[in-house]
There are 2 protein chains.
Amino acid sequence: MSLATASRAINGSETRTVGEDLRRRVAESARLLGYAPNANAQAMARGATRTIGVVVHDLTDPYFAAIADGIATAATERKLFLTLATTGNNLAALGDVVTSLDSMRVRAIILVGARWKDPDLQDALMASIDQYVGRGGRVVALGMDFPGVDCVQVANEAGATALAEELVALGYRRPLVLTGPERHSTAASRATAFTHRMKQLGHPVPDANQITSDFTRAGGTVGMRLAIEGGLTYDVIVAMNDVMALGALNEATRSGISIPADAGLTGFGDISTLVDVTPGLTTVRVPSGQLARLGLDLALSGPGDGTGSITVGVTPVLRDSTPALRDSAPASR
Amino acid sequence: MSLATASRAINGSETRTVGEDLRRRVAESARLLGYAPNANAQAMARGATRTIGVVVHDLTDPYFAAIADGIATAATERKLFLTLATTGNNLAALGDVVTSLDSMRVRAIILVGARWKDPDLQDALMASIDQYVGRGGRVVALGMDFPGVDCVQVANEAGATALAEELVALGYRRPLVLTGPERHSTAASRATAFTHRMKQLGHPVPDANQITSDFTRAGGTVGMRLAIEGGLTYDVIVAMNDVMALGALNEATRSGISIPADAGLTGFGDISTLVDVTPGLTTVRVPSGQLARLGLDLALSGPGDGTGSITVGVTPVLRDSTPALRDSAPASR
DNA sequence: TTGTACGCGTTATCAA
DNA sequence: TTGATAACGCGTACAA
């Protein structure tokens, strides 16, 4: 009973096989001794791990949580493990996080969330990514465009465009757009496509009705407050994601503005927690589970050079927060 | 420039120091070559990793997501990494998950969520845990009692008791208790303490008014439906967690039962997504961030033998879903 | 089918 | 302060 035989008996081998009796004896001894193979040693000997790295901004946001859960589930099915890192506010650390995952020799890295149009951060991050990729690592970005890496994109423009069309069809004419931060690429894509389509449809959104704030629930609250203080006129509030919409809803209600009686409201994402919100929130559904699954697949077997990017479609979901307006008297404020 | 010197220059050493000039040369070369230390090799040489394993049931549940996020944040502060596993429905796999984390030689394992009173599962899990602990690993359980391992407990009994007192003080007399599964220890603790206190206060909860269903949103929906079909009488619905309460709220509303006009409603946990629910849900606040932080601390430096267990307190939070009842006419159905 | 011996990348021990 | 070398635990080519 040599070490090699034991190794083969426990973890198998491509080319060799082990006698039945020995196999049994080894298994027995292993159980008896409480033996658990050292994954680190295996990683070194094999030159590869079964771990993939996942970087999300914030698990507190149901959208990210849903994606992380989807990746975790898909990973388990494939007998892979997950190393998860949250960046939180500290976006500057993203490059370092990638480097750490690189050190761990994770099979692949999945970056999920938003890309900021910040040249400095971008450069630092790209440097880390290049190192990792140069060593044979694979990187995938979920829900953001990222030149040079395979992406699973969300059809933000198409979704925002479709949403504009639906709203106009319902009779809305003068949206208040909570655009999110200007340098937040996801927010910007949605906002630009939306306002663009509104203009095409004959209802351009005045600059005053485009309010910049964070891409968070707090951002929605702040944006709404600014709108109220500015005395703006609008018949529907269009937030760039669901949590912003929820923040806006809360602030509006506190200020005596009734949704949808005084104004409609829409979000983006269709996070699962929306089912318990009143009124039912009109939004654009992003299939987060599919996003996660495709992302993992791409991470495992995509080209890895950015040419494997795909886009998942999204669909407007109309609910009570945007009832059809009567031709005679569109609500306004 | 030997390997040893390079190692010392890059990752430091307890006992040695490196000359300034050499240190600079090494750093320069490392950067030039795109060198990233191999964490697996380090783990082997040092005999320890900087990774901790976290096992949660389901990231889709805001309660677990909040805890996971808290652990991730605290871990980042301590320069630790997280390997995260979700068990999902497959509770039987828990032992295997622990064994896998054992293989990875994670510093500690944090088990978060619910313990099931299933002797078979329990035995399998304990076997895995014992192996891991025998090798020097540390295990901590969050939000559940787990004999033999350090726990960060939630004061479920105290919270449920306090809730009962508050409800009675508000004028509620006849609760409908959505108990959750009988073998779910958290649910059982809360339900037992609640009914016990109600009885003490002179308002015993009839068996018919105690409904068993899953500890999930769907469970809340099902439980509520059963109550409606059973034609039960109650003045407040008491769910064993927030997502159950939300499921019940939804089902009640669909069935024409108005909360709180027709009946009060309470949850447990005070998950963050409650802020956007109408009516404001009365609940018992569980400090998930604190739970996470204490859990990590305990995992890193607790005794590791179950004697380090601590309990975090909880507080009833009264909101619109349980208005004070008029003495004259308690709502009922 | 089984055993031997080397290499994976790093740290720690010991000697210089 | 630096260098040489033996571990760490495993997989695998090679020999038996």
Side-chain angles (χ1 to χ4, degrees), chain A residues 1-51 53 79 81 83 99-107 131-132 134-137, chain B residues 1-51 79-81 83 99-107 131-132 134-137:
Chain A
M1 43 169 177
S2 73
L3 258 57
T5 308
S7 169
R8 292 192 272 255
I10 290 176
N11 295 315
S13 165
E14 302 284 319
T15 51
R16 308 307 164 87
T17 165
V18 176
E20 189 53 33
D21 50 338
L22 257 184
R23 157 180 247 94
R24 243 196 299 273
R25 276 177 55 201
V26 170
E28 177 67 12
S29 310
R31 211 179 45 71
L32 224 64
L33 296 170
Y35 171 81
N38 184 323
N40 297 298
Q42 290 183 318
M44 219 172 25
R46 295 205 248 243
T49 65
R50 292 198 64 76
T51 301
K79 299 191 188 308
F81 301 95
T83 290
T99 300
S100 293
L101 294 172
D102 183 4
S103 271
M104 298 180 166
R105 300 298 188 265
V106 295
R107 265 242 168 98
Q131 295 235 342
Y132 175 64
R135 200 174 279 103
Chain B
M1 43 168 178
S2 73
L3 254 54
T5 309
S7 170
R8 292 192 274 253
I10 291 176
N11 297 317
S13 163
E14 301 285 318
T15 52
R16 309 307 166 87
T17 165
V18 176
E20 189 54 33
D21 50 341
L22 259 185
R23 158 181 246 94
R24 242 196 298 273
R25 277 178 54 203
V26 170
E28 176 68 13
S29 309
R31 213 179 44 72
L32 224 63
L33 296 170
Y35 172 81
N38 185 323
N40 297 298
Q42 289 183 319
M44 220 171 30
R46 296 205 248 243
T49 64
R50 292 198 64 77
T51 302
K79 298 193 190 307
L80 292 169
F81 300 94
T83 290
T99 300
S100 293
L101 293 172
D102 183 5
S103 270
M104 296 180 166
R105 300 298 188 264
V106 295
R107 264 243 169 99
Q131 296 236 343
Y132 175 63
R135 199 174 279 102

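Naming convention: chains lettered A, B, ... in sequence-line order (proteins, then strands); numbering from 1 in each chain.
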Fill in: From CE (B:M104) to CG (B:N40), nearest 0.5 Å
10.0 Å
Worksheet item: Is it true that A:R31 and A:E28 have a side-chain N and a carboxylate O under 4.0 angstrom from each other?
Response: yes
Worksheet item: Which letters describe nucleotides 9-16 of chain C, given B = protein heavy atom under 4.0 Å from base, S = only from sugar-phosphate, - = neither?
Response: BBBBBBB-
Practice prompt. Please check if the side chain of A:Y132 supplies one atom and the backbone of A:V106 the other of a donor-acceptor pair under 3.5 Å.
Written response: yes
Worksheet item: Which value, rounded to the nearest 0.5 Å, describes the distance between A:S103 atom OG and A:R135 atom CZ?
Response: 7.5 Å
Worksheet, complete the sentence: Here the gap from A:T5 atom OG1 to A:R23 atom CZ, rounded to the nearest 0.5 Å, amounts to 11.5 Å
Discussion item. Quick check on the helix from C:dT1-D:dA16 to C:dA16-D:dT1: what's the angle between its two end axes, five base pairs per end, to the nearest 10°?
Written reply: 40°
Practice prompt. To the nearest Å, give me how far apart CD1 (A:I10) and P (D:dC10) are.
Written response: 8 Å
Worksheet item: If you round to the nearest 0.5 Å, how far is CZ of B:R8 from CG of B:L3?
Response: 10.5 Å
Worksheet item: If you measure from the Lys or Arg side-chain nitrogens to the Asp or Glu carboxylate oxygens, is any gap between A:E20 and A:R24 under 4.0 Å?
Response: yes
Item to complete: Examine C:dT2: is either OP1 or OP2 under 4.0 Å from a nitrogen or oxygen in the side chain of A:S2? Give yes or no.
Response: no
Would you mind writing out the side-chain donor-acceptor pairs for residues 41-49 of chain A within the sub-3.5 Å range, not counting sequence neighbours?
residue, atom, partner, partner atom, Å
A:T49, OG1, A:T51, N, 3.4
A:T49, OG1, A:R105, O, 2.8

Practice prompt. Take the protein atom CE of A:M104 and the nucleotide atom P of C:dC8, then report the distance between them rounded to whole Å.
Written response: 23 Å
